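Beneath this line is the structure, given in structure tokens, with notes to follow.
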Amino acid sequence: MMLARAIHFDESDRNVFHSPARTGEWCISGGFEFSDWSQADLSGKARQAFSNGWLGVETFGRVTFVAVTQIEPSEFDSLKQALAAHFVQMYGAPSIEAAAGVAEDELRHMVELCDGQDPNTLLTVARELTETGVKESFRIIESRDAGLDQFAIHGSLDDEPHSH
């Protein structure tokens, strides 16, 4: 089974999110956090989290990029319990047992996104607020396409040898 972990290419997530996810923590889309948001909620760092932040399931911080990797069943079960506890603490779910099904649904949604992707494939999320609620779309950046030049260009390509 595949899931995705937070990955950082630079320090930008520390600057754009109130609470950045920790590198390497398991992540889900986390769009449920915005289910009752309106345009008035979309400003500053909150807007950045809404627009393109994945949710870390350990720190409950946000991250821009996640990388697909294998997860063991025991890790999946631990994440389900942690997410269910988060639903109790933050959203008033009556019990961890009652929240476990919703937590598993959120994790399974992420498993479906990662299913069939090669390890280290990068994913991004984009959200918009529509009349019918939050709309999420996902972008897949295959590992062979994920050269660092997509994220930061240092120096010049003019120094490369040319063939004539």
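No experiment lies behind these values; they were computed from the predicted model shown.
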Can you tell me if NZ on K45 sees more than 12 non-hydrogen neighbours from other groups inside 6.0 Å? yes

Measuring from atom [atom1] of [X] to atom [atom2] of [Y], what distance do you get when rounded to the nearest 0.5 angstrom?
{"X": "M2", "Y": "I71", "atom1": "CE", "atom2": "CD1", "result": "10.5 Å"}
{"X": "L55", "Y": "F17", "atom1": "CG", "atom2": "CZ", "result": "10.5 Å"}
{"X": "L129", "Y": "L42", "atom1": "CG", "atom2": "CG", "result": "5.5 Å"}

Check the pair H8 / F65 against ring-ring contact (aromatic ring centres under 6.0 Å, His included), numbers first and verdict last. CA-CA 7 Å; H8 295 97; F65 293 98; 9.2 Å; no

Checking F138 against W54 for the ring-ring contact (aromatic ring centres under 6.0 Å, His included) test, could you report, in this order, the C-alpha distance in whole Å, the side-chain angles of both residues, the deciding distance, and whether it holds? CA-CA 11 Å; F138 306 95; W54 297 98; 5.7 Å; yes

Atom of A46, atom of D41 and distance for their closest heavy-atom approach: CB-O, 3.8 Å

Any donor-acceptor N or O pair under 3.5 Å, side chains Q81, D77: no

Run through V57, L107, I96 and flag the one making a side-chain contact (heavy atoms from CB on, under 4.5 Å) with K80. L107

Indicate yes or no: does [X] engage [Y] in a salt bridge with an N to O separation below 4.0 Å.
{"X": "R127", "Y": "E33", "value": "no"}
{"X": "R22", "Y": "E58", "value": "yes"}
{"X": "R47", "Y": "E128", "value": "no"}

Classify the ring geometry between F60 and H86 as parallel (under 30°), tilted (30 to 60°) or perpendicular (over 60°). parallel

